[in-house]
Amino acid sequence: MKAEMKQFDDRAALASGLAAAVAKKLSAAIEKDGDASLAVSGGSTPKKFFEELSHARIDWSKVTVTLVDDRMVPPDHERSNERLAYEHLLTNEAMKAKFVPLWSDLSDHVDTLAEHASKTIGHIERPFDVVILGMGTDGHTASFFPEGNNLRAAIDPDGKTAVISMLAPGAGEPRLTITLPRLVEADMLVLHIEGDEKLSVLEKAREGGPEEEMPIRAVLSKAPRPVTVYWAP
Ligand SMILES: O=C(O)[C@H](O)[C@@H](O)[C@H](O)[C@H](O)COP(=O)(O)O
């Protein structure tokens, strides 16, 4: 399965290396198209990377930032990826970026929110310039969780829905996730993982097997170009 590894001595070096690469890509997109788009994951891994990227001296006013996925919680909740992005990425220089959330207070029904988010994400020109994925130790990425109620639809390479809801044993709250086609078509597609355990999980995923069992496999097999893996111990 297609992946190119970039290994770093430590997590600080990875954060600055990834931030520099993403800033360069966004800047090139602005130069070429007049704007740029970035979709990031949440969780605990990206904080240092976000903080490094937030200082990048690029024309953030031309950059649209969104989330690969979010939990069905309001943006002041400690588990909100939107909150994480505002606290660690959309600050310093990057405060000028335009942010498109997945969660809204439109409804308490996750499917209603997913339909609404599909419309708002649908206004962002395809493909994303940069997508940053994370991965759980169960092999999930975005909110493509094993045993997820909408997993098949979420990883359908021919799917037409931009954002879908997900309920799964390992997900905690109901989730909102951008679907596979919009993620894998990104100009720069990165998987950011840290630690030996996740490296072993990735190696197991790359050995092959059902995508439903380790949904990261769907990304590795359906991405038209090799996924760039940023890893540090
Ligand atoms: O909402 C989320 O949790 C993320 O988008 C998810 O896909 C994340 O990337 C993995 O769960 C890894 O999370 P950690 O970085 O916390 O291990």
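As the structure lists them, so they are numbered: ligands from 1, and atoms in each ligand from 1. None of these values were measured; they are calculated from a predicted model.
Ranking the protein heavy atoms by distance from atom 8 (C) of ligand 1 puts Gly42 O, 4.0 Å first. The single protein non-hydrogen atom nearest to atom 13 (O) of ligand 1 is Gly43 CA, 4.0 Å, given as residue, atom name and distance. Nearest protein neighbour of atom 9 (O) of ligand 1, counting heavy atoms only, is Gly134 CA, 3.3 Å.
In this model, no donor atom of one side chain and acceptor atom of the other lie less than 3.5 Å apart for Asp69 and Thr177.
More than 12 heavy atoms of other residues, nucleotides or ligands lie within 6.0 Å of CD in Glu213, so this atom counts as buried by the packing criterion. No more than 12 heavy atoms of other residues, nucleotides or ligands sit less than 6.0 Å from atom CG of Asp108.
Of the polar atoms of Thr45, at least one N or O is found under 3.5 Å from an N or O of ligand 1, judged by distance alone. Checking only distances, Ala142 does come within under 3.5 Å of ligand 1, N or O to N or O.
With distances taken over non-hydrogen atoms, the option nearest atom 1 (O) of ligand 1 out of Leu84, Leu191, Asn81, Thr137 is Asn81. Nearest-heavy-atom check against atom 17 (O) of ligand 1 across Lys198, His140, Met135, Arg71 picks out Lys198.
Between Phe49 and His192, the ring-plane angle classifies as perpendicular under the 30° and 60° cut-offs.
Counting heavy atoms under 4.0 Å from ligand 1, residue Asp70 does not touch it at all. Proximity of Asp69 to ligand 1, defined as any heavy-atom pair under 4.0 Å, is confined to the side chain (atoms from C-beta onward).
Put simply, the side chain of His109 does not reach to within 4.5 Å of the side chain of Leu113, judged on heavy atoms. Proximity of Leu38 to Val22: side-chain heavy atoms (C-beta onward) are separated by under 4.5 Å at one or more points.
Cation-pi check for Arg175 over Phe145 is not met; the charged atom does not lie both under 6.0 angstrom from the ring centroid and within 45 degrees of its normal.
For ligand 1, the atoms lying closer than 4.0 Å to a non-hydrogen atom of Arg175 are 1 (O), 2 (C), 3 (O).
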